[in-house]
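Below: one structure, written as structure tokens.
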Amino acid sequence: MAVAETASGTTPAPAGRIPPRYWVTGALLLLMPAIANDFFLYQVFGWAFILGTIALSLQFLAGYGGMVSLLQMSVAALAGYVVAILGTSGTVALSLGWPWWVVIPIALAGACLFATAVGALAVRTEGIYMIMITLAIAAAFFYFTRQNYSIFNGYSGFPGVVPPPVLGLDWRQPVPFYYLTLGVALVCYLVVLYVARAPFGLALQGVRDNPRRMAALGFDVFWHRVLAQGFAAVIAGLGGILLVWQNGQISPGTAGLPAVFDILVVAIVGGLRHPVGPYIGALIYVLLRAFAPDVLQALGLSGERFKMVVGIGFLAVVWWSPDGVLGLWDRWRALRAAGRDPLTGRAGR
Amino acid sequence: MSPAAPEGPRLAAAAGSGNALELRGVTKTFGALAALSDVTLSVRPGERRAVLGSNGAGKTTLFNCITGDFLPSSGTIRLFGEDVTRFPAHERIRRGLRRTYQISLLFGGLSVLDNVYLACRGVGRARFSLVRPRRSDPVMAQAQDLIAAVHLAAVQATAVAALSYGQQRQLEIALALAGAPRLILFDEPAAGLSPAERADLVAILTGLPAHIGFVIIEHDMDVALRVAERVTMMHNGRIFREGAPAEIEDDVEVQALYLGGGHGGGGGHG
């Protein structure tokens with residue numbers, strides 16, 4: 001059994017105990033607009049934070065709850081659709097134009113309700129069966145949004161969905177949008193870390209490791225799993241809202257099967273063991289998406305084959321480290337602790 | 001000892017209604033194999049009962065049916081007067097039933113304190129809480145009391161995986177004592193323990209508050225007969241004999257079947 005988080009270590013670590021790498025990363029992220037251009041801020045980091053947040057919801061379910069759900073992108077897209085339908089979009093005939101402070105809570109509640117309802121069905125299964133059920137529902141969601149014109153506007157979806165001008169800022173500009181996505185990602189990351197050590201998260205890890213034992217301790221394993229789906233949906237919903245704002249539109253393709261699998265790839269490449277994993281995976285994925293075509297073209301290959309590069313990268317990570325990049329990091333630290341060179345494996349560096 | 005005495009009108013009503021545990025005609029089959037056949041058994045509130053029998057006699061299956069891990073093929077199970085035959089495991093736990101496992105089922109990556117804290121939360125109201133506990137959390141204090149009760153205070157911050165086997169068995173007991181247990185099922189708690197650890201175990205079991213009854217499966221006859229007020233012998237999934245420890249010890253058939261004509265401690269493996 002491998003419950004990783006603790007309840008008795010309840011006092012937050014004093015600032016002095018936070019490892020230097022956290023300070024360096026934090027400072028770098030805060031100062032990023034001073035050193036990165038708009039493309040990096042908006043298309044690389046902005047997108048990575050959004051994808052990472054959606055994948056974080058999968059990390060919470062799979063890493064802490066042992067539930068690999070392929071529904072997270074559909075949940076995110078549902079929240080995005082609600083923002084487009086109830087708020088303002090270019091499809092004036094269908095959008096209701098409600099204020100953002102009404103629309104966003106409804107979008108998150110809708111995502112939560114959807115995931116809870118599907119979760120009540122999906123958590124009756126485990127492993128490959130849960131993957132198949134959530135994949136089937138994700139596919140059904142995609143086809144439903146594509147064929148339904150009265151609510152989801154079918155194939156066209158909703159163009160012209162932009163963030164509301166809160167505090168007089170245009171949040172679609174690269175720097176404000178960078179800080180918006182960074183802020184949401186940071187809050188979600190910290191919330192997941194916190195909840196993982198709260199009774200709910202601790203018990204979820206117990207359910208993952210030994211559901212029979214947890215039932216014998218008085219926990220209702222079924223409802224614990226269902227509520228975890230609802231909790232994760234709020235995180236995925238936040239990612240979905242940011243995604244529709246970044247793209248400026250939402251359509252069935254947002255939750256198409258390639259996007260559904262992308263979230264799984266992002267989470268696995270980064271690592272499911274810790275909430276930072278999805279963000280690492282998302283950054284790698286986005287960088288590959290952004291630059292692999294250029295690299296391939298420079299090599300005389302078709303730039304359209306970038307997905308092959310992503311796939312090979314995924315297979316390589318899984319081959320070398322089933323725990324993703326975080327697993328590689330752990331192995332490197334273990335080697336260092338053992339006084340061995342991580343490259344040569346020789347002892348007594 | 002920290003386990004709280006039962007409270008509330010339902011518990012009071014149940015205490016006055018008869019047996020803590022009552023099985024009537026419980027049968028459990030796996031395909032053609034009848035692991036339990038027409039088992040009828042009653043345990044009074046606060047009673048300490050030993051269930052003995054050879055491997056394959058159906059003892060652990062009996063426990064699994066009582067806790068809800070298995071649904072019986074037929075028959076009824078009543079807990080403190082309430083028919084719980086179709087209740088899920090967690091509902092039975094919330095009615096005061098607890099159990100330990102033959103092979104320790106603990107959370108190895110967690111500390112001793114966290115394991116017991118989790119057990120206390122499981123039978124409490126805030127099991128879905130999203131708020132991390134403070135050091136002043138009364139549930140945390142309750143967990144620490146339980147750890148002291150099973151003599152593990154010195155290792156409460158230690159990861160369970162690092163505990164000795166005997167300490168893990170003691171921790172199993174602490175988990176069973178969380179909340180307000182009224183009936184505990186101990187599944188071979190002395191298995192693999194040293195003589196000193198067995199003495200410790202007997203002290204813990206005999207020191208339990210009088211309102212807590214238990215049923216113990218134990219191959220070590222010395223332990224079983226020292227802590228039990230009554231003994232139920234099982235054979236081939238059926239109740240074979242029931243009586244006071246002295247009666248069972250003196251029973252010729254029991255001796256022939258299980259004790260080989262007398263026992264010298266630990267000889268009841270049959």
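Since we're looking at a predicted model, the values are computed, not measured.
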query = Is it the side chain or the backbone of B:S129 that comes within 4.5 Å of chain A heavy atoms, both, or neither?
reply = both
task = Give the intermediate values and the outcome of side-chain contact (heavy atoms from CB on, under 4.5 Å) for residues A:R212 and B:D69.
result = CA-CA 8 Å; A:R212 184 182 170 204; B:D69 287 325; 3.4 Å; yes
key: Gap between atom CG of B:L106 and atom CZ of A:R213 - 0.5 Å precision   = 6.5 Å
request  = Mind ranking A:V195, A:D220, A:V221 by heavy-atom pairs under 4.5 Å with chain B and telling me who comes out on top?
outcome  = A:D220
message = My understanding is that only residues two or more places apart in sequence, or in another chain, count here; which of them pass side-chain contact (heavy atoms from CB on, under 4.5 Å) with A:A228?
response = A:F60, A:L61, A:M67, A:F200, A:L204
Over 12 non-hydrogen atoms of neighbours within 6.0 angstrom of OH in A:Y129 = no
Heavy-atom contact with chain A under 4.5 Å, split by part of B:N64 = side chain
query = How many angstroms lie between atom CZ of B:F107 and atom CD of A:Q205, to the nearest 0.5 angstrom?
reply = 10.0 Å
Sequence neighbours excluded - salt bridge (Lys or Arg N to Asp or Glu O under 4.0 Å) pairs with any residue from residues 59-73 of chain A = none
task = Locate the shortest heavy-atom distance separating A:P199 from B:Y117; write the atom from each residue and the value.
result = CG-OH, 3.5 Å
Flag if over 12 foreign heavy atoms under 6.0 Å of CZ, A:R124 = no
Straight-line distance of B:R121 CZ to A:L202 CG, nearest 0.5 Å = 10.0 Å
CA sep, side-chain torsions, deciding dist, call: A:L217, B:I93, side-chain contact (heavy atoms from CB on, under 4.5 Å) = CA-CA 7 Å; A:L217 292 180; B:I93 299 302; 5.9 Å; no
ask   = When rounded to the nearest 0.5 angstrom, what distance separates CG in B:L130 from CZ in A:R197?
value = 15.0 Å
